[in-house]
Amino acid sequence: MSGNEVAERYLKMPHVERGMVVGLFGGSFNPPHAGHALVAETALRKLRLDQLWWIVTPGNPLKSHSGLAPLEKRLELSERLVTDPRIKVTAFEKRLGTSYTVRTLDHVKARNPHVRFIWVMGADNLKSFHQWQRWHHIATTFPIAVIDRPGSTLSYLSSKMARTFDFARIDEEDAGVLWKKEAPAWTFIHGPRSPLSSTALREAAKGLT
């Protein structure tokens, strides 16, 4: 993948049409794996999305960057996992010059006022969500869909976010209309789970070197 390809294909925000329902699924994806793809596919189906943006971030502010693979490599590997054309792999966050989710989401909302966005995340991120910059603002600006991940099924009961916004949780059976809800509104979606994790894959790769 050349630098020109990165600029042309990934650094621009995906095209959307007025009235679309779009899921925003962000992360460092270091590396991306089938578990991420399963979260994306589950979100597409259960939330009745028109698109899902797979947002590969320059780096997570809460994590060390010492073992972070180049953005170009993470984009390439993400593309290999995507089979549904409604999933758009993108790195437009790099052009914004920020790695903070709240700034990215505010920019996306301002640029696309006539599109309905849902923040999508794996349940493994729910535990630390309250450590994100202005997490309360995110939760009161965007509906949130939390997709089940192995070992994280009970996170929605114990996390600070879940306790704080317990009143705003909607039943999983209504996930398909989450986009109609005004934030704060969130749901926890159960379903098939992949045991893969980026951390485990990185550790396995170290063992092979």
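Applying side chain to side chain contact (heavy atoms under 4.5 Å, CB included) to W53 and the options I87, V16, V89 leaves one that passes, V16.
With sequence neighbours left out, W179 forms a side-chain contact (heavy atoms from CB on, under 4.5 Å) with V21, R116, I118. Remark: F25 engages F29, W54 in a ring-ring contact (aromatic ring centres under 6.0 Å, His included) (not counting sequence neighbours). Looking at residues two or more places apart in sequence or on another chain, you find a side-chain contact (heavy atoms from CB on, under 4.5 Å) between R18 and H114. Applying the side-chain hydrogen bond (donor to acceptor under 3.5 Å, both in side chains) rule to T104 yields the partners E93; only residues at least two apart in sequence or on another chain are considered. Partners of Q133 according to the side-chain contact (heavy atoms from CB on, under 4.5 Å) rule, which considers only residues two or more places apart in sequence or in another chain, are Y100, V102, R103. In this structure, H107 has no ring-ring contact (aromatic ring centres under 6.0 Å, His included) partners at least two apart in sequence or on a different chain.
Cation-pi check for K12 over F92 is not met; the charged atom does not lie both under 6.0 angstrom from the ring centroid and within 45 degrees of its normal.
In this structure the side chain of I138 reaches within 4.5 angstrom of the side chain of T101, judged on heavy atoms. F167 has its side chain within reach of P184: a pair of non-hydrogen atoms, C-beta onward, lies under 4.5 Å apart. Side-chain contact between I147 and M121: absent, with no pair of heavy atoms (C-beta onward) separated by less than 4.5 Å. Within the 4.5 Å cutoff, no side-chain heavy atoms of L49 are placed close to those of M20. D84 has its side chain out of reach of E41: every pair of non-hydrogen atoms, C-beta onward, lies at least 4.5 Å apart.
The shortest non-hydrogen separation linking A69 to N30 is N-OD1, 3.0 Å.
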**Request:** Could you give me the CA-CA distance, side-chain angles and deciding distance for E76 and R80, then say whether salt bridge (Lys or Arg N to Asp or Glu O under 4.0 Å) is met?
**Result:** CA-CA 7 Å; E76 180 183 340; R80 292 181 188 177; 2.7 Å; yes

**Request:** Let me see the working for F165 and H136 under ring-ring contact (aromatic ring centres under 6.0 Å, His included), right down to the final yes or no.
**Result:** CA-CA 9 Å; F165 292 101; H136 200 276; 5.0 Å; yes

